[in-house]
Amino acid sequence: MGALDEGHYCVVLENGVKLGDDGFEQEPETVAIEDAVKVLLQGLGEDVNREGLRKTPLRVAKALRYKQNVRDIVQGALFPEVGVENGTGHAGGAGGLVLVRDIDLFSYCESCLLPFQVKCHVGYIPSGQRVVGLSKLSRVADIFAKRLQDPQQLADDICFGLHHGINPTGVAVVLQCSHIHFPNLQSAFLESNHKRLSKITVGSGLGTFENHDSPNWLDFFGLLRCRDISLDNIRSRNSCKDSWCPSRSQKVGPSGNPDMETAVAAIVRSLGQDLCRKELVGTPNRFVKWLMNFKDAKLEMKLNGFATMPLKTVGLTNYKEHIRSEVNLSLWSLCEHHLLPFYGLVHIGYISGEEINPVGKSLLQSIVHFHGFKLQVQERLTRQIAETVSPLLGGDIMVVVEANHTCMISRGIEKFGSNTATIAVLGRFSNDPLARSKFLQMIPSYSL
């Protein structure tokens, strides 16, 4: 399995930006990214000075410009170990395979600029009477991940960086990558079961792992203990590039927003990338087309007279026996604080004497999309959905939104595996904890 060329590696190795450095906010690259993000926000019809958006350009710049020095991390963590000799490294002997499994990472897709999630497995066979601190394997992988990548290039970068940093007998990297498959506004309305994630597994090896037939790969996968991963199902370099990013299936054509495309191009250049590189040629166009899904176009909410249809009312004594629900409505939206997508499920509870939802699930799903496809925060979104469905469903409303936020893994806290739940209540749900509890028990287990 091939690795990257040395020129690409050396650029990454030498460059370093620390966010705590004095003057970071005044650096030309930071200012260029901030100015570009303001153009994008204005292109969406937003006021860049309103509360909630004022600091968004700087947040984006800080996240995208994060870098560290690979050589300092690796060379400062090599420790002597007697018995580890040059040229050895067979399983069970001195210098046997060392494998660190399940390292959670994120990276940015070079085709569309959206973050993708990575489960990284790194193995190496020590040599030269020295081993590397295990935490440094994770840190090196993280450094290469925090830049524009595709899965195979990321695997090659990590592999090459470790191979040249610690000079092992061999090094191997396997990545399980998940890319959000975000629908456009039209397909979200038409496809109720839209596929949320595109997944791929890639690998890279150097030294004793460079040959696919090396017995060291058997040791690697044996220790990995993932029955669904093997050399047979690791994708080739060409199939990875062709099918990995959902946006690559779209034709590159005029977006109608040249100023926004120029702004995205400025961001990519500020990250030290060459826009003439074939993998990046269509990236500004693809990103702008995706972003325009969230333009607040003042769409008319067509309720088709449902707001005037009276529901069968329920008395004060037995209303808890008439709590109805519509659950698992799909949600897609864009965080206004970080310009990153979040997605999840919406559940709506109401009180009615009707056995069947009088307005239909499709209308409720349309309401969710109406409020979702714009710059949002989850708390506001939950309240807006509740207020919109209230006149349709009788005024006693409880809305629960459960969502995964990509900003939680790629900016700020970098917390993997977390999700966020919010609640909005109106009418009798507001003052009755037992009614709220009964509706919550109707919601299926969260399974995004």
Side-chain angles (χ1 to χ4, degrees), residues 182-196 293-294 296-314 319-320 322-334 341-404 419-430 435-436 438-448:
F182 209 102
N184 58 36
L185 184 59
Q186 182 179 8
S187 64
F189 279 95
L190 296 177
E191 301 175 22
S192 59
N193 295 316
H194 181 83
K195 180 182 177 182
R196 289 193 176 97
N293 282 304
F294 305 96
D296 191 356
K298 310 302 181 185
L299 297 175
E300 180 185 357
M301 176 60 72
K302 297 181 179 179
L303 301 181
N304 298 324
F306 283 112
T308 62
M309 292 179 59
L311 290 181
K312 185 184 295 184
T313 58
V314 177
Y319 68 86
K320 292 185 185 65
H322 297 273
I323 295 176
R324 315 297 182 194
S325 66
E326 284 291 352
V327 299
N328 291 344
L329 301 168
S330 296
L331 167 69
W332 302 91
S333 195
L334 185 67
F342 63 95
Y343 61 95
L345 298 170
V346 175
H347 317 288
I348 299 174
Y350 59 100
I351 297 171
S352 172
E354 308 279 356
E355 291 289 339
I356 301 176
N357 176 355
V359 301
K361 187 171 184 176
S362 61
L363 177 60
L364 298 181
Q365 180 66 82
S366 296
I367 291 171
V368 171
H369 287 327
F370 173 80
H371 291 297
F373 273 85
K374 56 190 68 177
L375 292 184
Q376 277 286 13
V377 294
Q378 186 171 329
E379 298 87 343
R380 182 199 308 143
L381 172 66
T382 309
R383 173 182 55 80
Q384 289 175 339
I385 295 172
E387 291 173 347
T388 303
V389 303
S390 177
L392 305 179
L393 296 175
D396 299 310
I397 300 297
M398 182 169 176
V399 174
V400 174
V401 176
E402 301 177 286
N404 288 350
N419 53 69
T420 302
T422 49
I423 291 177
V425 292
L426 295 172
R428 284 178 278 191
F429 281 106
S430 301
R436 296 196 296 271
K438 184 171 182 178
F439 169 61
L440 291 173
Q441 292 173 18
M442 296 178 178
I443 299 175
S445 299
Y446 186 69
S447 58
L448 282 183

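Both backbone and side-chain heavy atoms feed into the values below; hydrogens, waters and symmetry mates do not.
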Can you list every salt bridge (charged side-chain N to carboxylate O under 4.0 Å, His left out) pair that touches residues 342-351, not counting sequence neighbours?
-> none
If we only count heavy atoms from C-beta on, is the L364 to L393 side-chain gap below 4.5 Å?
-> yes
With a 4.5 Å limit on heavy-atom distance, are the side chains of I323 and M398 in contact?
-> no
Measure the shortest side-chain to side-chain distance between L392 and Y350 over non-hydrogen atoms and say whether it is less than 4.5 angstrom.
-> no
Could you pull out the closest heavy-atom pair between V327 and K361, with the gap in Å?
-> O-NZ, 3.4 Å
Exercise: identify the closest heavy-atom pair between L375 and R380 | O-NH1, 3.6 Å
Measure the shortest side-chain to side-chain distance between L329 and H347 over non-hydrogen atoms and say whether it is less than 4.5 angstrom.
-> no
Between CD1 of I348 and CG of N328, what distance do you get to the nearest 0.5 Å?
-> 11.5 Å
Between T422 and Q378, is any side-chain donor less than 3.5 angstrom from a side-chain acceptor?
-> yes
Could you list the residues that satisfy ring pair (Phe, Tyr, Trp, His ring centres under 6.0 Å) with F342, not counting sequence neighbours?
-> H405
Nearest heavy-atom approach of S333 to Q376 is OG-CB, 3.4 Å
Classify the angle between the aromatic ring planes of F373 and F182 as parallel (below 30°), tilted (30 to 60°) or perpendicular (above 60°).
-> perpendicular
Which heavy-atom pair separates L345 from L331 by the least distance, and what is that distance?
-> N-CB, 4.3 Å
To the nearest 0.5 Å, tell me how far Q441 CD sits from S325 OG.
-> 12.0 Å
Exercise: identify the closest heavy-atom pair between V425 and R436 | CG1-CD, 3.8 Å
Are any non-hydrogen side-chain atoms of P341 and W332 less than 4.5 angstrom apart?
-> no
In this structure, CD of Q365 is separated from CD1 of I367 (nearest 0.5 Å) by 10.0 Å
Hey, which of V399, I397, D396 is the one that makes side chain to side chain contact (heavy atoms under 4.5 Å, CB included) with S390?
-> I397
Roughly how far, to the nearest 0.5 Å, is the CZ atom of R383 from the CD1 atom of I385?
-> 11.0 Å
